[in-house]
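Each ligand, and each atom within it, is numbered from 1 in the order the structure gives.
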Amino acid sequence: MTAIDAFDIVFFGGTGDLALRKLLPALYHQDQDGNLPSEGRVICLGRSPSDTAAYVDKAHVKAKEYLGSHYNESDWKKFAARIEYLKVDANTEADFVALAETLNKFPARERVFYLSTAPDFFAPIAKNLAAQGLNQGNSRVVLEKPLGHDLESSNKINDEVGEYFTEKQIYRIDHYLGKEPVLNLIALRFANTLLEPLWRREWIRDVQITVTEQVGVETRADFYDKTGALRDMVQNHLLQLLTIVAMEPPASIDADAVRDEKLKVLRALKPLSVDDVKTKVVRGQYRAGAVGGKPVVGYQDEPGVPAGSKAETFVALKAEIETWRWAGVPFFLRTGKRLGDRLAQIVINFREVPTSTFGKNTRPNRLVIELQPDESVRLYMMAKEPGKDRLREVYLDLDFKEAFSTRSPEAYERLLMDVIKGDLSLFVRRDEQRAAWRWVEPIIESWENSSEGPKTYTAGTWGPAASSALLSRDGLCWHEEA
Ligand code: NAP
């Protein structure tokens with residue numbers, strides 16, 4: 001662990017769900033593990049005129065609930081002593097004077113401003129921080145998703161924040177990049193020789209990236225109906241995971257070396273025409289069904305969903321990367337709500353054996369990287385069953401729990417520590433974000449101009465039948481159908 005200097009981290013949106021449920025517990029864990037220097041404040045902001053004691057009480061209740069068996073009274077007290085609460089409205093310049101007074105008690109400290117609010121507040125916050133001279137060289141600003149609704153709005157946010165903070169100070173967070181199996185995939189690919197010769201079109205048949213949820217739109221219909229699965233999940237998380245699978249070995253693990261390689265992948269994605277969108281992209285919307293044995297209503301009957309909504313709660317698509325390494329290898333991406341399982345998984349399907357020495361009793365090898373609910377990396381191979389003349393598929397299991405005694409940190413722990421240390425490697429650079437928006441824009445346009453709506457699927461299934469057909473046209477099937 002690199003030693004870190006004294007710091008102040010400021011959470012805009014400190015009273016919100018993300019801060020209370022994820023960000024504070026993540027910092028608590030890092031404090032508990034002894035990774036935070038003794039000099040470091042956690043300054044939480046909200047619009048209510050509360051005081052620190054009342055805020056800490058509220059944070060305590062949430063943290064205890066979230067931390068479960070990791071909660072420890074004395075560790076919490078030690079951590080809670082770092083917390084200060086301040087009332088700051090993003091649009092009220094005078095509130096930033098009080099924030100400046102608090103921060104300027106320790107002018108030399110590293111400063112992190114974590115903007116865990118709706119993106120509409122990013123520009124006023126950046127402007128008001130600058131007005132108080134708080135965007136110094138050692139300050140960093142973290143931007144939560146969603147970073148815009150399309151290319152134009154994301155450019156606008158980036159331009160506005162960029163007026164006050166340089167690109168090197170801006171940390172665009174994608175928490176999937178902080179997940180341990182994703183970091184392990186990078187290590188597996190670039191710290192071993194074994195996979196590299198196989199990691200190409202000659203040996204890989206297809207790649208499948210799936211992030212599914214069992215929950216529906218819950219209380220977020222207002223936000224979700226305007227956003228949909230493509231903007232909420234594909235443009236950011238799924239394309240970022242794709243870049244990690246597909247990038248060339250970076251010259252070093254330095255932030256820009258890694259991000260340069262990821263950008264090349266995004267730029268090499270084969271553009272989709274309107275006709276391509278019809279055949280290579282499936283959009284779906286859930287209707288009533290049962291999830292985990294419980295009946296659930298369809299999207300159209302969820303509270304707050306406008307009648308006749310065409311918002312997609314499911315997307316499956318086929319992406320192609322036009323490089324020598326990947327030409328001809330389909331990358332299938334899939335995400336959705338109210339599906340059969342909660343899952344985040346990357347599956348690398350290798351090609352069939354070239355001759356069938358064992359007849360039809362073999363299956364192609366697969367590397368399965370599971371990000372949630374469990375974290376694992378498994379290489380499926382064929383082996384002979386002891387005492388029998390038949391083959392069975394078994395897996396080599398990179399069981400991190402067994403190999404390492406240390407706790408596997410949550411993604412936000414890793415990412416928060418990276419911001420405090422000033423390491424940008426796992427944060428999305430502006431040009432990456434622009435390239436990702438550029439690639440999804442034709443899909444958005446095509447859907448907006450289409451008279452057809454999304455295909456419906458029964459809640460609790462794996463999405464519309466067209467999703468399976470997307471792969472079966474190439475003689476393939478989704479991992480769970482194999
Ligand atoms: P939330 O529960 O609705 O909280 C919103 C926060 O924004 C509150 O702390 C609220 O403070 C603050 N806020 C609202 N108006 C403000 C203003 N004018 N000035 C300053 N602060 C203001 O939202 P959330 O779930 O925490 O999410 C925050 C952001 O992270 C959103 O953009 C969301 O899309 C993103 N995100 C959330 C999650 C998650 O798991 N929750 C995951 C990924 C990304 P008050 O107490 O004053 O209302």
Aromatic Phe106 / basic Arg109 pairing, under 6.0 angstrom, 45° off normal: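 Yes.
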Please state which protein non-hydrogen atom is closest to [atom] and give its distance, to 0.1 Å?
atom: atom 41 (N) of ligand 1; answer: Asp17 OD2, 2.8 Å
atom: atom 19 (N) of ligand 1; answer: Ala90 N, 2.8 Å
atom: atom 5 (C) of ligand 1; answer: Gly16 CA, 4.4 Å
atom: atom 6 (C) of ligand 1; answer: Gly13 CA, 3.7 Å
atom: atom 31 (C) of ligand 1; answer: Thr117 O, 3.8 Å
atom: atom 17 (C) of ligand 1; answer: Arg47 CD, 3.4 Å
atom: atom 35 (C) of ligand 1; answer: Lys145 O, 3.2 Å
atom: atom 43 (C) of ligand 1; answer: Glu144 OE1, 3.7 Å

Kindly assign one of parallel, tilted or perpendicular to the pair Trp478 and Phe332, based on the angle between their ring planes and the thresholds 30° and 60°.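 Perpendicular: the ring planes of Trp478 and Phe332 meet at over 60°.
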Quick check on the 6.0 Å ring-centre criterion: do Phe314 and Tyr457 meet it?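 Yes, the ring centres sit under 6.0 Å apart.
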What do you reckon, are the aromatic ring centroids of His29 and Tyr412 less than 6.0 Å apart?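 Distance test on ring centres: not under 6.0 Å, no.
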Side-chain donor-acceptor contact under 3.5 Å, [X] with [Y]:
X: Tyr55; Y: His60; value: no
X: Glu312; Y: Tyr299; value: no
X: Glu432; Y: Gln240; value: yes
X: Asn158; Y: Arg172; value: yes

Could you check whether any heavy atom of [X] sits closer than 4.0 Å to an atom of ligand 1, since that is the contact criterion I want to use?
X: Phe121; answer: yes
X: Lys22; answer: no
X: Val88; answer: yes

Can [X] and [Y] be counted as an ion pair, charged N to O under 4.0 angstrom?
X: Glu152; Y: Lys156; value: no
X: Lys264; Y: Asp260; value: no
X: Asp256; Y: Arg429; value: yes
X: Glu302; Y: Arg287; value: no

Measuring to protein heavy atoms, does anything land under 4.0 Å from atom 3 (O) of ligand 1?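 Looking at atom 3 (O) of ligand 1, one finds that no protein heavy atom lies closer than 4.0 Å.
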N/O separation below 3.5 Å, [X] to ligand 1:
X: Tyr412; answer: no
X: Arg220; answer: no
X: Gly46; answer: no

Of the listed options Leu20, Thr15, Leu18, closest to atom 26 (O) of ligand 1 (non-hydrogen atoms):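 Closest candidate by heavy-atom distance is Leu18.
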Out of all atoms in ligand 1, which are within 4.0 Å of some heavy atom of [X]? Include the element for each.
X: Arg21; answer: 39 (C), 40 (O), 41 (N)
X: Asp89; answer: 17 (C), 18 (N), 19 (N)
X: Pro146; answer: 32 (O), 34 (O)
X: Ala118; answer: 32 (O)

